[in-house]
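Below: one structure, written as structure tokens.
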Number of protein chains: 2
Amino acid sequence: MADTRWLDAEEQATWRAFLGASRAIFEELDRQLLRDAGMPLTYYEVLVRLSEAEGRQLRMHELARLSGTSRSRLSHAVTRLEEQGWVARRDCPEDGRGAYATLTEDGFEALREAAPGHVEAVRTLLFDPLTAEQVATLGTISEQVLRAARPDLAPPPPARPRPPTTGTTG
Amino acid sequence: MADTRWLDAEEQATWRAFLGASRAIFEELDRQLLRDAGMPLTYYEVLVRLSEAEGRQLRMHELARLSGTSRSRLSHAVTRLEEQGWVARRDCPEDGRGAYATLTEDGFEALREAAPGHVEAVRTLLFDPLTAEQVATLGTISEQVLRAARPDLAPPPPARPRPPTTGTTG
DNA sequence: ACAATGTTGTTCAGTGTTCAACTACTAGCG
DNA sequence: CGCTAGTAGTTGAACACTGAACAACATTGT
């Protein structure tokens, strides 16, 4: 608590640019999806994860983890998505507490229609302003930050050439 | 509309890492501030901008622009901050429509107390996991993205050595 | 079998955010 | 001057999110 490691001028500038850029991106993505597809970004994410899952269904807690969202938020979201007919809840036979969320055919269709506009927006906002090299660096940086904050969400670190083990591990 | 420029596998990975990392950062910052200082990140930003302004006051629209927020959101926020006694509204003599938001002494104090914990969190979440070089690159990247999305918020581009002009510009 | 502990998912109340409508004023132009 | 158009700021209703509390079930250990 004693001495705060304040940000110097350059760090401040970096932080504010990052804050501004991230906000701009996510707000615009949210607006775009809400306008063109009738769902906010977080709901879109939920549909994406479901669409990628085995049998287009997932346990609630797993869906929450994959979407990087809280169980409470997901529960609300699925209720809403159920009203729209895009997701259905199913009881879980293996675990009496559990519940599956399933992507309906309508939900899959909604996702298919929403995807192009969303991807285009991601490109316009994030990738187009950057060089290929910058994109690569951004990937590395993001993964490192993610690994520090949410190790459970980060992909495994790059398989770099490592010093050979002895091979006599016991 | 015809052909969507889909993301390839690497772009996907980059996008998801960026999405995850940003979300993790902002959610944690919000939690931290709400817990330790009783205000969400967006309100903190408002106080910061006011504290840096001439006379610790700003016109609402200018405060909204600087905080990267909408007028509506700011209006609600200032109402809330006013109830907390951290901000006060003042009529604007120059413009009958206008209003100033002023940071109160209490608000300044609240900001002073909130700052260390917030800065520490920013460091832990964003800067500590990165090398100095990565931080520098992140700065450049963020500024470019910000300039593309919100030119009004971006700092002027770096003063790089440019081809000398003729000096006979007319 | 039983108690203690942990997990899953939902709900509630409180709060924040969005969009569109609205009032009040200013500015530009004939 | 009077008209039109634009800007500043606020409001309300619908919606989303949070943390905490809760019920239901699973797991562990004895």
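What you see is a predicted model, and the numbers here were worked out from it, not measured in a lab.
- The nearest whole Å value for the distance from the CG atom in B:Asp36 to the P atom in D:dG19 is 13 Å.
- Per the geometry, CD belonging to A:Glu45 stands 16 Å off P belonging to D:dA16, to the nearest Å.
- In this structure, B:Asp30 reaches neither bases nor backbone, as no heavy-atom distance under 4.0 Å exists between it and the strands shown.
- With rounding to whole Å, A:Glu94 atom CD is found 14 Å from C:dT8 atom P.
- A salt bridge is absent between B:Asp36 and B:Arg31: the closest approach of a Lys/Arg side-chain nitrogen to an acidic carboxylate oxygen does not fall below 4.0 angstrom.
- Under the side-chain contact (heavy atoms from CB on, under 4.5 Å) criterion, A:Pro40 pairs with A:Asp30, A:Leu34, A:Thr42, A:Tyr43, sequence neighbours left out.
- Within the structure, salt bridge (Lys or Arg N to Asp or Glu O under 4.0 Å) pairs that include any residue of residues 11-22 of chain A comprise A:Glu11-B:Arg123, A:Arg16-B:Glu52 (at least two apart or interchain).
- Figure legend: cation-pi geometry between A:Arg89 and A:Tyr100 absent, as NZ or CZ is not positioned both under 6.0 Å from the six-membered ring centre and within 45° of its axis.
- Atoms CD (B:Glu82) and C1' (D:dG9) sit 13 Å apart, rounded to a whole Å.
- As rounded to whole Å, 14 Å separates atom P of D:dC15 from atom CG of A:Leu81.
- Look at CZ on A:Arg65: it is 15 Å from C1' on C:dT7, rounded to the nearest Å.
- Going from atom CG of A:Leu41 over to atom C1' of C:dT17 covers 15 Å, rounded to whole Å.
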Anything under 3.5 Å between a protein N or O and an N or O of nucleotides 9-16 of chain C, put it in a table, one pair a line.
| from | atom 1 | to | atom 2 | distance (Å) |
| --- | --- | --- | --- | --- |
| C:dG9 | OP1 | A:Arg59 | NE | 2.9 |
| C:dG9 | OP1 | A:Arg59 | NH2 | 3.4 |
| C:dG9 | OP1 | A:Ala99 | N | 2.9 |
| C:dG9 | OP1 | A:Ala99 | O | 3.1 |
| C:dG9 | OP2 | A:His61 | N | 2.6 |
| C:dG9 | N7 | A:Arg71 | NH1 | 2.9 |
| C:dT10 | OP1 | A:Arg89 | NH1 | 2.4 |
| C:dT10 | OP2 | A:Ser75 | OG | 2.9 |
| C:dT10 | OP2 | A:Arg89 | NH1 | 3.1 |
| C:dT10 | O5' | A:Ser75 | OG | 3.3 |
| C:dT11 | O4 | A:Ser72 | OG | 3.3 |
| C:dC12 | N4 | A:His76 | NE2 | 3.1 |
| C:dT15 | O5' | B:Arg80 | NH2 | 3.3 |
| C:dG16 | OP2 | B:Arg80 | NE | 2.5 |

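- Under a 3.5 Å cut-off, the side chain of A:Gln134 and the backbone N or O of A:Thr131 do form a donor-acceptor pair.
- Using cut-offs of 30° and 60° on the angle between ring planes, the pair A:Phe26 and B:Trp15 is tilted.
- Nucleotide D:dA26 holds its P atom 12 Å from the CG atom of A:Asp91, rounded to whole Å.
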